[in-house]
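Both backbone and side-chain heavy atoms feed into the values below; hydrogens, waters and symmetry mates do not. A quick note: this is a predicted structure, and the numbers were derived from the prediction, not measured.
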Amino acid sequence: MIYQYDNSIIAIKNNHISQRNIGGPVTDLALKIMKDAEYKDLDYLCNYKGKSKHGKNLKSATYIIRDNNNKIIGLLCLNIDYSDYYSIKESIDKLLPENVYNKDILSIEDNRISENFNDSIEQLVRDSLKQININENIETNRLSQEEKIEIVKQLYSRGVFLLKGAVNEVTNQLQVSEATVYRYLNIIKREEKR
């Protein structure tokens, strides 16, 4: 089966919540689910924080659809806009003394898992670079080869290179040639096999 990661959304309802459309690319979390062994036995992820492309916080869940061979063939993603409720909660929190209740117990957010909804591969690559603390304004010509390989390695581990066009965008961001990125990927894959 050939995956269409760069235009993977085949159906959507209430897209005003996530601001995504049919034909949009997968999210950073979807790539991670496909690539990371940590998710290989999970059937779903619930109650994690999503973020729309305009920065709105969402409560999200992803249900993993598998074939008879346990291979992932799709994802059903649900997103709920709780922003009004969060505003009310923050207002109440400001009014109450801190010892009235334990905020950690009432918190429903799992900050270990998050998802960003992008509408282009370019934005997904830029956001992935930000998540690994690579600033857009960084002078990439000052990075050593080892630092660039580490950046490509982190992007690879996040599944970014599953997207058609990701190599081109990474070359633009790191200001290296496509051949260099492919060479780094070969180095990473060889290390992975050891």
Side-chain angles (χ1 to χ4, degrees), residues 1-93 103 105-132 136 155-170 173:
M1 174 179 223
I2 298 172
Y3 294 103
Q4 299 283 327
Y5 296 116
D6 47 337
N7 53 359
S8 66
I9 300 175
I10 59 171
I12 193 164
K13 282 287 189 190
N14 297 319
N15 62 334
H16 64 279
I17 294 173
S18 65
Q19 292 130 3
R20 293 173 42 83
N21 296 300
I22 291 177
V26 296
T27 64
D28 54 351
L29 180 62
L31 288 171
K32 200 173 200 180
I33 289 170
M34 298 291 208
K35 182 86 175 116
D36 198 329
E38 175 185 356
Y39 300 100
K40 73 178 173 103
D41 295 324
L42 291 180
D43 294 323
Y44 58 87
L45 295 169
C46 289
N47 216 20
Y48 61 87
K49 183 179 176 181
K51 188 176 284 280
S52 75
K53 68 180 182 178
H54 296 304
K56 187 177 274 193
N57 290 322
L58 307 173
K59 186 60 59 187
S60 301
T62 297
Y63 298 89
I64 301 167
I65 303 166
R66 300 177 189 274
D67 65 11
N68 291 337
N69 297 318
N70 206 32
K71 188 172 184 176
I72 297 173
I73 58 171
L75 302 171
L76 174 64
C77 305
L78 307 172
N79 299 291
I80 302 167
D81 180 0
Y82 276 118
S83 55
D84 291 340
Y85 301 108
Y86 286 130
S87 295
I88 293 168
K89 180 185 176 297
E90 286 175 10
S91 296
I92 292 171
D93 286 346
K103 291 180 188 173
I105 293 172
L106 295 178
S107 174
I108 58 172
E109 292 194 16
D110 184 346
N111 291 323
R112 293 172 295 147
I113 300 172
S114 67
E115 180 173 34
N116 294 297
F117 301 110
N118 300 303
D119 57 359
S120 70
I121 295 166
E122 294 81 13
Q123 188 62 47
L124 189 139
V125 170
R126 267 186 251 127
D127 285 350
S128 295
L129 286 167
K130 283 180 191 173
Q131 289 171 6
I132 57 175
E136 284 182 46
L155 292 173
Y156 175 77
S157 72
R158 292 168 177 263
V160 167
F161 294 104
L162 295 172
L163 293 170
K164 182 178 165 186
V167 169
N168 186 44
E169 187 57 32
V170 171
Q173 295 288 328

(message) I want to check something: taking the side chain as every heavy atom from C-beta on, are E122 and Q173 in contact at a cut-off of under 4.5 Å?
(response) no
(message) Between K32 and D28, does the salt bridge (charged side-chain N to carboxylate O under 4.0 Å, His left out) criterion hold? Intermediate values first, please.
(response) CA-CA 6 Å; K32 200 173 200 180; D28 54 351; over 6 Å; no
(request) Begin with the C-alpha distance, continue with both residues' side-chain angles, and end with the deciding distance and a verdict on side chain to side chain contact (heavy atoms under 4.5 Å, CB included) for L162 and V26. (result) CA-CA 10 Å; L162 295 172; V26 296; over 6 Å; no
(request) Kindly give the heavy-atom pair with the smallest separation between I12 and N15, and that separation in Å. (result) CD1-CB, 3.6 Å
(message) Can you give me the closest heavy-atom contact between S52 and S18, atom names plus distance?
(response) CB-O, 4.0 Å
(message) Between D43 and R66, is there a side-chain heavy-atom distance shorter than 4.5 Å?
(response) yes
(message) Any non-hydrogen side-chain atom of I64 less than 4.5 Å from a side-chain atom of L75?
(response) yes
(request) Quick one: closest heavy-atom pair of T27 and L124, and the distance? (result) C-CD1, 3.8 Å
(request) Would you name the heavy atoms of L29 and T62 that are closest together and state the gap between them? (result) CD2-OG1, 4.5 Å
(message) Please check: side-chain N/O of N69 versus main-chain N/O of K71, any donor-acceptor pairing under 3.5 Å?
(response) no
(message) If you define the side chain from C-beta out and look only at heavy atoms, does anything of D81 sit under 4.5 Å from L58?
(response) yes
(message) If I take atom CZ from residue R20 and atom CG from residue N14, how far apart are they, to the nearest 0.5 angstrom?
(response) 14.5 Å
(request) Kindly give the heavy-atom pair with the smallest separation between L163 and L31, and that separation in Å. (result) CD1-CD1, 3.8 Å
(request) Using a cut-off of 6.0 Å, state whether more than 12 heavy atoms not belonging to I10 lie near its atom CD1. (result) no
(message) Is any side-chain heavy atom of N21 closer than 4.5 Å to one of I9?
(response) no
(request) Return yes if a side-chain donor-acceptor contact under 3.5 Å exists between K51 and N57, otherwise no. (result) yes
(request) Compute both the distance and the angle, then confirm whether K35 meets the cation-pi test with Y156: under 6.0 Å from the six-membered ring centre, within 45 degrees of the axis. (result) yes
(message) Quick one, Q131 with D127, criterion side-chain hydrogen bond (donor to acceptor under 3.5 Å, both in side chains). Give me CA distance, side-chain angles, the key distance, then yes/no.
(response) CA-CA 6 Å; Q131 289 171 6; D127 285 350; over 6 Å; no
(message) How close do S60 and N79 get, counting heavy atoms only, and between which atoms?
(response) OG-OD1, 2.6 Å
(message) To the nearest 0.5 Å, what is the distance between CG on L76 and OH on Y44?
(response) 14.0 Å
(message) For the CD atom of Q123 and the NZ atom of K130, what is their distance to the nearest 0.5 Å?
(response) 6.0 Å
